[in-house]
Amino acid sequence: MALLWLPFGDNQFPPILQLVIIWIPFIILIVYGQKIQAWTILGEVSRYLNKLKMFRDKARVTMLNYVQKKGTTAEGRARFEELIEFVTILPVDLDPVGIVKKLDHVLTTQDIQLKEEVARLLPRDSTEIERSCALNMVEVAAALNSIYKVVRHFYILGKKSSNVYILAQLQMILPTLLREAEALVSAMKALEEGQPLGDGVGPLVVSHLMKDVKKVKIARETVMAELEYKGRKLALIKAEGPQGSVGKVDEALINLLNGHYSDASTIIMIDAALKLEGEKTGEVAEGIGAAIGGLGVEKFKIEEIAHKYGIPLYAVIIKESIIEAISIMKKEIAESVDEVKEAVLRIVENKVPYGGKAIIIGVGNTLGISQ
Amino acid sequence: MEELERRENIVSIEECPRCGLKNKRKFQQGDYVLKQSGKCPKCNTPMYIKLIYAEPFKP
């Protein structure tokens, strides 16, 4: 007790002040400390939540304005709003045997269903590019809606229970989530105007390689072209542009390997890859393996067919952040094209014998990139 | 929100397939990579859009 008097000298500090300044706040902090912390976090989370709501509404309005501009009816507009809430239930993984096939089936059904619905809601004379842009916008608006709803769920849960641990977890991930949401909103502008996304660097490289040769359709929304390079035969694959699509590059590869390219010496995949913090955007790296993202269905199929035919898989990746991948393509990424082309052709020269064959795949969304 | 939209300039880079002349211009609605654009001012060959990208906004 004597210590409490110390800063104020002997008997100079009245007991009532001691109680008000030291003991009452001390007791309040002990009893209500967690609640006070929860209130502070709630305030911060609430500000983030408002921003997320603003982003979600902005994306929704942009999407609805776009489809209205393209001539959809009032009913169609209402249906587009419903599509934002569209859900896909992933298959059960209690028995993982054969799950990839089931997942492929569910995702293909979802893809076809959404595409058909968007095509039905837009006027018949709408172009393929307009349909794909509307579809991509629905997907972005749905993603933002989902982020907002999940954050709101935990916010309300934390508020109801005054659970500081739920709120603290939310507070920790919210800055990252907000950056992703911001990137998604800025992607809406790119989608509206059909501008290439950072993820499109793979198809961009392949489009430059196949620029002057004849293109044929090889799988759904996927094209291929054959090119002679220093005595080697190259099959180039990319999604069909300039509409926004990732194509079916796995099916295209399977078709080629089950056809004229079963004796190919190598498969080279070009894709945007997530960079680590501190790495430079647009940096090019070479490696081994199937460079393709997503839930893993395409990757599984590509690895399986490559293994079946015993063909090595090479990867050329272009580093970028998740935000850069879903935003308009940055200068550093676009300007890496020549370096990637050189790397790919170097692999061809080193790994494919004279007279041999190689398959080169540009992976990613080909919005704003033709062939 | 406005700030979010004005942070970048979107440009289209045109290139002449014959003489290699490059021209940088503002992105126009309907532009896409490999689209044929204007004629080359040097050799009169049709140019094509080589790249479309965003660069930091300069007022």
Side-chain angles (χ1 to χ4, degrees), chain A residues 51 54-55 57-59 61-62 127 129-130 133 178-179 181-190 192-198 200-201 203-212 215 238 241-244 281-282 324 327-338 366-371, chain B:
Chain A
K51 275 191 183 171
M54 197 173 76
F55 289 156
D57 293 344
K58 164 93 180 160
V61 169
T62 311
T127 63
I129 299 176
E130 287 168 348
C133 285
L178 199 78
R179 278 174 62 211
E182 210 176 310
L184 281 168
V185 179
S186 64
M188 287 299 268
K189 182 109 183 91
E192 201 179 354
E193 300 196 349
Q195 294 157 344
L197 304 173
V201 65
L204 181 64
V205 175
V206 172
S207 77
H208 282 203
L209 286 169
M210 59 164 62
K211 186 166 71 79
D212 300 317
K215 273 75 69 174
K238 78 178 269 293
Q243 60 267 32
T281 297
E324 286 160 344
S327 308
I328 302 168
M329 190 178 286
K330 271 192 166 182
K331 189 180 180 190
E332 300 91 313
I333 300 168
E335 287 184 341
S336 69
V337 166
D338 291 334
T366 192
L367 179 69
I369 303 162
S370 188
Q371 52 274 326
Chain B
M1 195 66 76
E2 219 171 84
E3 200 182 296
L4 202 80
E5 286 165 5
R6 290 185 56 194
R7 240 181 268 163
E8 289 163 333
N9 275 334
I10 316 299
V11 295
S12 298
I13 308 293
E14 298 171 324
E15 192 180 85
C16 173
R18 198 165 157 202
C19 68
L21 183 91
K22 281 184 185 166
N23 176 41
K24 184 159 118 180
R25 64 164 170 83
K26 218 177 153 195
F27 174 86
Q28 289 163 4
Q29 185 96 38
D31 277 0
Y32 57 83
V33 174
L34 297 192
K35 183 188 176 185
Q36 278 214 347
S37 48
K39 288 197 171 173
C40 174
K42 211 167 144 190
C43 64
N44 214 28
T45 310
M47 293 174 94
Y48 73 98
I49 297 175
K50 190 185 179 192
L51 298 171
I52 295 171
Y53 57 75
E55 55 181 17
F57 179 71
K58 285 175 203 152

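Hydrogens, waters and symmetry mates play no part in the numbers below; they use all other heavy atoms, side chains included. Convention: sequence-line order gives letters A, B, ...; per-chain numbering from 1.
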Student: Could you tell me which non-hydrogen atom of B/Phe27 sits nearest to which non-hydrogen atom of A/Glu193, and how far apart they are?
Tutor: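 Minimum heavy-atom separation between B/Phe27 and A/Glu193: CZ-O, 3.5 Å.
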Student: So for atom CZ, which belongs to A/Arg179, do other residues, nucleotides or ligands contribute more than 12 heavy atoms lying within a distance under 6.0 Å?
Tutor: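 Atom CZ in A/Arg179 is not crowded, with 12 or fewer foreign heavy atoms closer than 6.0 Å.
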Student: Taking all atoms of both residues into account, what is the closest heavy-atom pair of A/Ser207 and B/Val33, and its distance?
Tutor: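 Of all heavy-atom pairs spanning A/Ser207 and B/Val33, the closest is OG-CG1, 4.3 Å.
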Student: OH/B/Tyr32 to CD/A/Gln243 distance, rounded to the nearest 0.5 angstrom?
Tutor: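 B/Tyr32 OH to A/Gln243 CD: 10.0 Å, rounded to 0.5 Å.
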Student: Let's test your reading of the structure: which of A/Glu192, A/Lys330, A/Gln371, A/Lys211 forms the most heavy-atom pairs below 4.5 Å with chain B?
Tutor: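 The answer is A/Lys211.
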Student: Side chain, backbone, both or neither: which part of A/Glu332 has an atom under 4.5 Å from a heavy atom of chain B?
Tutor: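 No part of A/Glu332 comes within 4.5 Å of chain B.
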Student: Given the options A/Gly198, A/Pro196, A/Ser327, A/Gly194, which has more heavy-atom pairs under 4.5 Å with chain B than any of the others?
Tutor: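 Looking at each of A/Gly198, A/Pro196, A/Ser327, A/Gly194 in turn, A/Pro196 comes out on top.
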Student: Given heavy-atom pairs under 4.5 angstrom as the criterion, report whether the side chain, backbone, both or neither of A/Leu204 touches chain B.
Tutor: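 A/Leu204 touches chain B through side-chain heavy atoms alone.
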Student: Between B/Asp31 and A/Gln195, is the side-chain contact (heavy atoms from CB on, under 4.5 Å) condition met? List the steps.
Tutor: CA-CA 8 Å; B/Asp31 277 0; A/Gln195 294 157 344; over 6 Å; no
Student: Is chain A contacted by the side chain of B/Leu51, its backbone, both, or neither, given a heavy-atom distance below 4.5 Å?
Tutor: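 The side chain, not the backbone.
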Student: With rounding to the nearest 0.5 angstrom, report the CD to NZ distance, A/Glu335 to B/Lys50.
Tutor: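 Answer for the CD-NZ pair, A/Glu335 versus B/Lys50, is 9.0 Å.
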